[in-house]
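Encoded as structure tokens, the structure appears first; notes follow it.
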Amino acid sequence: MKKKLLYMLVAPALMFFSGCEDNLNTVPEGGIITTEQKQDVYDKDPSKAAAGVTGIYAQFSQYAPNENVLNRVNHHDIGYPSLMMFSDANGFDVVQDDNGYNWTTSSLEYSDRVYTSRECQIVWNNQYKIISNCNNVIAAIDPATEDPTSKYFLSQGLATRAFSYWVLAQLYQFNYVGNESKPCVPIVTPENAQNVAFEGAPRATVQQVYDLINADINTAITLLTAAEEADVTRDDKRYINLAVAYGLRARVNLTMHKYAEAAADATKAIEISEATPASIEDVSKPAFWTANESNWMWGILIAETDRVVTSGIVNWISHMGSLNYGYANYNKGRQINKKLYATIGDADARKGWWLDENKSSDNLSPEFAASMEAYGYKAYTQVKFAPYKNEAETATNANDIPMMRIEEMHLIKAEGEAMSGGDGKTTLENFVKTYRDPDYVCPAADPEGIQEEVFRQRRIELWGEGLVWFDIMRLNKGVDRRGAGYPNATMVFNIPAGDNTLLWRLPEAEIQANPAISEGDNNPSSPDPKPVPDVE
């Protein structure tokens, strides 16, 4: 039974574009088409490869993709944005109320670490489905192809697989440095998929996972360079271009504490990207709702006809937004850690991304302000994310979702320079002064102090975008919610760095299905974190 279940999990990696109308693996006589023959088909009809690549990114936004596994529609089961919401709720900056309308309560209280939890299954299944779709594309294209379009398609599979394993690596094990030999997650590629289907896949080490990540992203950069030189470019921002690929490698290098390399990649991403940082004027009002904004490098594109939108409330901005109709209207919304808010300078345009202690924000139009008052939102509630088409209280929740913005590259560059002997302080000051706070002066002078200041800036700039958890893990931080303003005393934790509570556990279903993994191979089960006295 274990082999059968596991085969069902990895079978898509054995079939090229199994979800497409044409099955390129077999012929009517029952023979198997070779890789060379498939490549010939795709060289003649690139639209088939394009369909496979589109399938990768379609997986990022899904309506209840785990309905059959979990035997119900869960309103926080929406593809990659589920992971964004879960990880933000795990942290200490996206403050939330534990009530009946909050679908991320399990992540708020860390019961998502129970290996039978819905969240545990959602995260695992969604990421490995993306990897499976990437493997489908990778398996179909000759890595030695000279065709620029095929190079572009292959780059999408490799770069997205690198991103997906980078995400998994930071959920299921502590940071790369010092943990290289510890167990991470199973590796499934077209090369080993057939063996995996029958023998299972053990947890690879952190080093092995990062070796694959680096091989994939390095090859993707080479392929994208050639493709773009031949004028083969992406159609829109749901796809990865060369600048995004350098941005992904900058993230990987930062995670591995390869600071000079991270700074170099971030600098390259800035140089070649068409994206430009949002100006002070741009961020002095609610924004971040469309990939057409100049600062977006990569995003999840949402259409009005998508099922997550027509559902009304089963979408990211329903849970996250304050200015549109959705769950947030009833679960009291998302607030910023009030200690972090207090560190934002009065001249910083981002201070208006949240209501102040008097429940007002200079960034709001009278219509938006009236909407916030009507719903009774509390102090420090976010107004960073605008509603769709800037229409207050709209029920059309078709907001695009940011995956990478150019501002992040400037912050990576600053940290990377500071930690590798460069002038990261000047880089940081120039960025913040120009684009956010004209009065800003970096308070730190030494590398570690500048790194900590960049972390603070990232917590402000990237708030609510599902990225800060990765900073917590790569910097070996704990989760201290004291003084943050959590309304439920039961959610005030002080979890130390390195505590096993911070690690996700492999789902029970995976252990039952995978003959190469036993109960003893899982991350340790930790007791529920204990609430601690709050502080002002």
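The aromatic rings of Y377 and Y375 sit tilted, their planes meeting at an angle between 30° and 60°. Ring orientation note: the planes of F60 and Y80 are tilted relative to one another, at an angle of 30° to 60°.
Residues passing the side chain to side chain donor-acceptor pair (under 3.5 Å) test with T222: none are found, sequence neighbours excluded. The side chain to side chain contact (heavy atoms under 4.5 Å, CB included) search around V535 returns R482, not counting sequence neighbours. Among residues two or more places apart in sequence or in another chain, the side chain to side chain contact (heavy atoms under 4.5 Å, CB included) test is passed with S106 by S111, D112, E119. Here P529 pairs with Y110, F493, I495, T501 under the side chain to side chain contact (heavy atoms under 4.5 Å, CB included) rule; sequence neighbours left out. Residues satisfying the salt bridge (Lys or Arg N to Asp or Glu O under 4.0 Å) criterion with R459, sequence neighbours excluded, are D93. Applying the side chain to side chain donor-acceptor pair (under 3.5 Å) test to D423 and every residue at least two apart in sequence or in another chain returns T426. Under the side chain to side chain donor-acceptor pair (under 3.5 Å) criterion, D77 pairs with N66, sequence neighbours left out. Checked against side chain to side chain contact (heavy atoms under 4.5 Å, CB included), A392 has the following partners two or more places apart in sequence or in another chain: E367, F368. By the side chain to side chain donor-acceptor pair (under 3.5 Å) test, D534 pairs with no residue at all, sequence neighbours left out.
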Check residues 437-450 and write down every donor-acceptor pair under 3.5 Å in which the side-chain atom is one partner and the other belongs to a residue at least two apart or another chain.
residue : atom : partner : partner atom : Å
D437    : OD1  : D439    : N            : 3.0
Y440    : OH   : E453    : OE2          : 2.7
D446    : OD2  : E448    : N            : 3.4
D446    : OD2  : G449    : N            : 3.1

Less than 3.5 Å apart, which donor and acceptor atoms pair up between the side chains of residues 465-473 and the rest of the protein, not counting sequence neighbours?
residue : atom : partner : partner atom : Å
E465    : OE1  : R405    : NE           : 3.2
E465    : OE2  : K384    : NZ           : 2.7
E465    : OE2  : R405    : NE           : 3.2
E465    : OE2  : R405    : NH2          : 2.7
D471    : OD1  : R458    : NE           : 3.2
D471    : OD1  : R458    : NH2          : 3.1
D471    : OD1  : R474    : NE           : 2.9
D471    : OD1  : R474    : NH2          : 3.2
D471    : OD2  : R458    : NE           : 2.8
D471    : OD2  : R458    : NH2          : 3.4

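Checked against a 6.0 Å centroid threshold, the rings of Y380 and W353 do not count as neighbours.
For residues 298-312, the salt bridge (charged side-chain N to carboxylate O under 4.0 Å, His left out) pairs, not counting sequence neighbours, are E304-K389.
A ring-ring contact (aromatic ring centres under 6.0 Å, His included) with H76 is found for exactly one of Y327, Y101, Y63, W103, namely W103.
Counted by atom type alone, N488 and D98 present zero donor-acceptor pairs between their side chains at under 3.5 Å.
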